[in-house]
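Worksheet: one structure, shown below.
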Amino acid sequence: MNNFIIKEINKDINNGLSKKKLKFRFAPEPNGVLHLGHVKALYINFKLAKLFNCKINLRFDDTNPKNENLFYVKKIINNIKWLGFKWNKLSFTSDYFLILYKWAKKLIIKKKAYIQYYNKNTQKNYNVYDIDKNLYHFNNMKLGKYDENMFVLRANISKELPNYHLKNPIIYRIIKKNHYKTLNKWCIYPTYDWAHGQSDYIEKISHSLCSIEFQNHKPLYNLFINYIYNKTFNSLKPKQIEFSKLNIIDTITSKRQFNYLIKKKIIKNYEDPRLSTLNSFKKKGYKSIYIINFIKKIGFTKRNYNISIKTLDIEVKKILIKKAPIIMVLFNPIKLIIKNFKKKYVKWIKLNNKYKIPFTRYIYIEYDDFKLKHDNTFYRLSLKNYIRLKYSYIIKAYKIIKKKNKIKKIYCKIYKNIKNIKSTIQWVSYNFIKKIKILNYKYIYFNKKKNKIYNINSLKSIIGYTDKIYIKNLKINNIYQFLRIGFFYFYKKNNFIKILYMEKKY
RNA sequence: AGACUCGUGGUGUAAUGGUAAGCACAUCAGAUUUUGAUUCUGACAGUUAAGGUUCGAAUCCUUACGAGUCUACCA
């Protein structure tokens, strides 16, 4: 693995940064569960910690009690454990509320921050540039004497700069809601800009990796660290490095949209298989390695890109094609009569030392695997093609019976010593058929340009048929290949979830 | 509109200013095959454009064009 982040860190080391001082952090806000996009940030941070053999913190960036709660903290921790990443220290930005508050007061004293308030009568904002008054109002804010939206603390930087984030950004606001961790201790909360870099500095993080939308905040990040810098406490200034975030066109990774879908009752929770949260993948029987392999594949750069969720499917398929045991399943069965096979006879075909499947005179095959009109590009069953029934005989059709223009029965004969069979198909014996339920879905996705959500109703249940003897051998929570169809997760008795279809080229 | 960031085959990524721009996926052929899968072999295809600096530019500079992010009391 080589990417610009590693290069940048190596550069810092060559410029004198001690390797011992390297430290990373993953800092999610506990306002939702993790999705595919988070894994990118997770992976790079934990990978770097491993690569440089240094420490990594898991820090919950909990500066806004309106959005956050303990439920998500627990969920996120479980998600990270599921992925197999181990952190050295668990921390919370809320642990630092007191010191952040003290630093903000210092800022006021240094005339680098001021109070702004909104006067209802005149509908205007007023700024206070008097240190004592600023401290007075800030204290009142803290004591809960003011309402939300009336008073804020702003940094005093410049109104002239073109970068909006440097235009006297708000660093403290009033939020009168209990914080899940600090409870009712605070009613003022630092904003991201005033909390994140400072927390990195407190935790002695050397490189603070984040996605590219924070690049506009970088000057502010550096400026605020310079404000609070104290050589005796920590001589290392953390460095923010941005990388492009995971942009998948055919699934949703935005929490806002998850919430919208829940609100509209399109999905029940974050575990819906049409989503791309880690929980929904877990529910579909995915192993974390599938997702990690996918993230590795994507790489880390600063350029923006759009990729398809199919890239994940490719990685999943690579693993499953080697691992997943095969079963024969039909979706749309059609009856086959094998004329030269004994009536009422059951031939048990050994698949391996353990398992057998029954073959009889009457079997089903997939409707699409037969074609009446001969065609050179069609390899499967027809009146001309010899084909092999998987694990068993070579057959050819010689007669069909139609009802209302639809084929109802196909008469076949077994042939021997036929070579160059082009196709092998799946089948199930008539008396041994078992109905199964398959949950089929497509990812819900949002088209930004068209401002439209797609595949809302894509979760559909379909019926399949398989062998009732063989299905008893299957293990719950395993993934199986439905021969020539795709990969399916066996999640409860007689029930499967689709993982991916094999691509059909015919 | 401005500020910031980024432009390498269809897609995702490599290349201390120095070999003929490498790899993977996709696509298309051929071989193997009891999955039209897999596997193997091969082919196709690229530095956004124009200038400049240089013995030498994907890389540095300028301009144009294109894309993304931001312009929240969210992170």
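Protein chains get the first letters and strands the later ones, always in sequence-line order, with residue 1 at the start of each. The shown structure was predicted, so the numbers you read here are calculated from the model rather than taken from an experiment.
Between the NE2 atom of A/His38 and the P atom of B/A75 there is a distance of 14 Å, rounded to whole Å. Rounding to whole angstrom units, CG of residue A/Asn420 and C1' of B/U32 are separated by 13 Å. The distance from atom CD of A/Glu148 to atom C1' of B/C74 is 14 Å, rounded to the nearest whole Å. In this entry the distance linking CZ of A/Arg59 with C1' of B/A75 reads 12 Å, nearest Å. One can place CD1 of A/Ile421 at 10 Å from P of B/U34, the figure rounded to the nearest angstrom. In this structure, CZ of A/Phe331 is placed 20 Å from P of B/U35, rounded to the nearest angstrom. For the pair A/Lys302 NZ and B/C4 C1', the computed distance is 10 Å after rounding to whole Å. Residue A/Asn385 contributes atom CG, which lies 13 Å from atom C1' of B/G36 at whole-angstrom precision.
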Give each protein N/O atom lying under 3.5 Å from an N/O atom of nucleotides 13-15 of chain B, with the pair distance.
residue	atom	partner	partner atom	Å
B/U13	OP1	A/Thr301	OG1	3.0
B/U13	OP2	A/Arg303	NH1	3.2
B/U13	O5'	A/Ile298	O	3.2
B/A14	OP1	A/Phe300	O	3.4
B/A15	OP1	A/Lys7	NZ	2.6
B/A15	OP2	A/Lys7	NZ	3.2

Check nucleotides 28-30 of chain B for protein N or O atoms closer than 3.5 Å to its own N or O atoms and list the pairs.
none

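Nearest approach of A/Asp250 to A/Ile307, heavy atoms of both residues: OD1-O, 4.3 Å.
A residue-by-residue look at A/Tyr379 and A/Ile175 shows that A/Tyr379 has its nearest nucleotide of RNA chain B further toward the 5' end. When each of A/Lys390 and A/Ser308 is assigned the nucleotide of RNA chain B with its nearest heavy atom, A/Ser308 is the one assigned upstream, toward the 5' end.
Residue A/Gln481 places a side-chain atom within donor-acceptor reach of the base of B/U35, judged by atom type and a 3.5 Å distance cut-off alone. If you check distances only, the side chain of A/Arg484 never reaches the base of B/G36 with a donor-acceptor pair under 3.5 Å.
Ring-plane geometry between A/Tyr480 and A/Phe490 is classed as perpendicular, the angle between the planes exceeding 60 degrees on a 0 to 90 degree scale with a lower cut at 30. Under the 30°/60° scheme for interplanar angles, the aromatic rings of A/Tyr117 and A/Phe151 are found to lie parallel. Classification of the A/Tyr172-A/Tyr101 ring pair by plane angle, with boundaries at 30° and 60°, yields perpendicular. Ring geometry for A/Phe488 against A/Tyr501 counts as perpendicular: the plane angle is over 60°, on a 0 to 90° scale with 30° as the lower cut.
Nucleic acid contact class of A/Asn149 (heavy atoms, under 4.0 Å, all strands): base. Residue A/Ile326 is classed as a base contact, given a heavy-atom separation below 4.0 Å to a base. Counting non-hydrogen atoms under 4.0 angstrom, A/Asn306 reaches the backbone sugars and phosphates but no base. When heavy atoms are screened at a 4.0 angstrom cut-off, A/Thr93 is found touching no nucleic acid atom at all. No engagement by A/Tyr118 is indicated, since no non-hydrogen atom pair under 4.0 Å with the nucleic acid exists. Looking at heavy-atom distances under 4.0 Å, A/Leu483 makes contact with a base.
Look at the C1' atom in both B/U71 and B/G22: the space between them is 41 Å, to the nearest Å. Rounded to the nearest Å, the gap between the P atom of B/G68 and that of B/G42 is 39 Å. Using atom C1' as the reference point in both B/A37 and B/C60, the two lie 49 Å apart (nearest Å). Taking the C1' atoms as reference points, B/A3 lies 34 Å from B/A21, given to the whole Å. Across B/G18 and B/G56, the matching P atoms stand 14 Å from one another, rounded to whole Å. For the C1' atom pair drawn from B/C23 and B/G46, the interatomic distance equals 14 Å after rounding to whole Å. Comparing B/C73 with B/G17, their C1' atoms are spaced 49 Å from each other, to the whole Å. B/A45 and B/A29 are spaced 15 Å apart, taking the C1' atom of each and rounding to whole Å.
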Original post:
Taking protein heavy atoms under 4.0 Å as touching, what does nucleotides 59-71 of chain B look like 5' to 3' if B marks base contact, S marks sugar-phosphate-only contact and - marks none?
Top reply: --------SBBBS

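Ion pair A/Glu366/A/Arg484 not flagged as a salt bridge, since none of the NZ, NE, NH1 or NH2 atoms sits closer than 4.0 Å to an Asp/Glu carboxylate oxygen.
The side chain of A/Lys317 lies closest to B/U38, out of B/A75, B/U38, B/C73. Checking B/G36, B/C74, B/A26 against every side-chain atom of A/Ser423, the shortest atom distance belongs to B/G36.
The cationic group of A/Lys40 lies under 6.0 Å from the six-membered ring centre of A/Phe300 and within 45° of the ring axis, placing it in a cation-pi geometry. Remark: A/Lys185 fails to qualify as a cation-pi partner of A/Phe97 under the 6.0 Å distance and 45° angle criteria applied to the six-membered ring. Both tests do not hold together for A/Lys390 against A/Trp427: distance to the six-membered ring centre under 6.0 Å, angle to the ring axis within 45°.
Counting non-hydrogen atoms of other residues, nucleotides and ligands closer than 6.0 Å to NZ of A/Lys302 gives a total above 12. For A/Tyr136, the OH atom counts as loosely surrounded, since its 6.0 Å shell holds 12 or fewer non-hydrogen atoms of other residues, nucleotides or ligands.
Applying the side-chain hydrogen bond (donor to acceptor under 3.5 Å, both in side chains) test to every pair with at least one member in residues 207-216 of chain A, sequence neighbours left out, gives these pairs: A/Asp12-A/His207, A/Arg25-A/Ser208, A/Asp200-A/Ser208, A/Ser211-A/Glu213.
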**OP:** With salt bridge (charged side-chain N to carboxylate O under 4.0 Å, His left out) as the test, would you mind laying out the steps for A/Lys318 and A/Glu315 before giving the verdict?
**Re:** CA-CA 5 Å; A/Lys318 265 189 199 168; A/Glu315 293 307 312; 3.6 Å; yes

Subject >> Test salt bridge (charged side-chain N to carboxylate O under 4.0 Å, His left out) applied to A/Glu503 and A/Lys317, step by step >> reply: CA-CA 11 Å; A/Glu503 279 189 34; A/Lys317 189 180 174 183; over 6 Å; no

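Here A/Ser423 pairs with nothing under the side-chain hydrogen bond (donor to acceptor under 3.5 Å, both in side chains) rule; sequence neighbours left out.
For A/Arg388 and B/U33, the shortest distance from a side-chain N or O to OP1 or OP2 is not below 4.0 Å.
A ring-ring contact (aromatic ring centres under 6.0 Å, His included) with A/Trp194 is found for exactly one of A/Tyr201, A/Phe224, A/Tyr189, namely A/Phe224.
Secondary-structure stems of RNA chain B, taken as three or more successive Watson-Crick or G-U wobble pairs (i with j, i+1 with j-1) under a 3.5 Å distance threshold, comprise B:1-7 with B:65-71, B:10-13 with B:22-25, B:27-31 with B:39-43, B:48-52 with B:60-64.
Atom CD1 in A/Ile289 sits 6.0 Å away from atom CD1 in A/Ile319 (nearest 0.5 Å).
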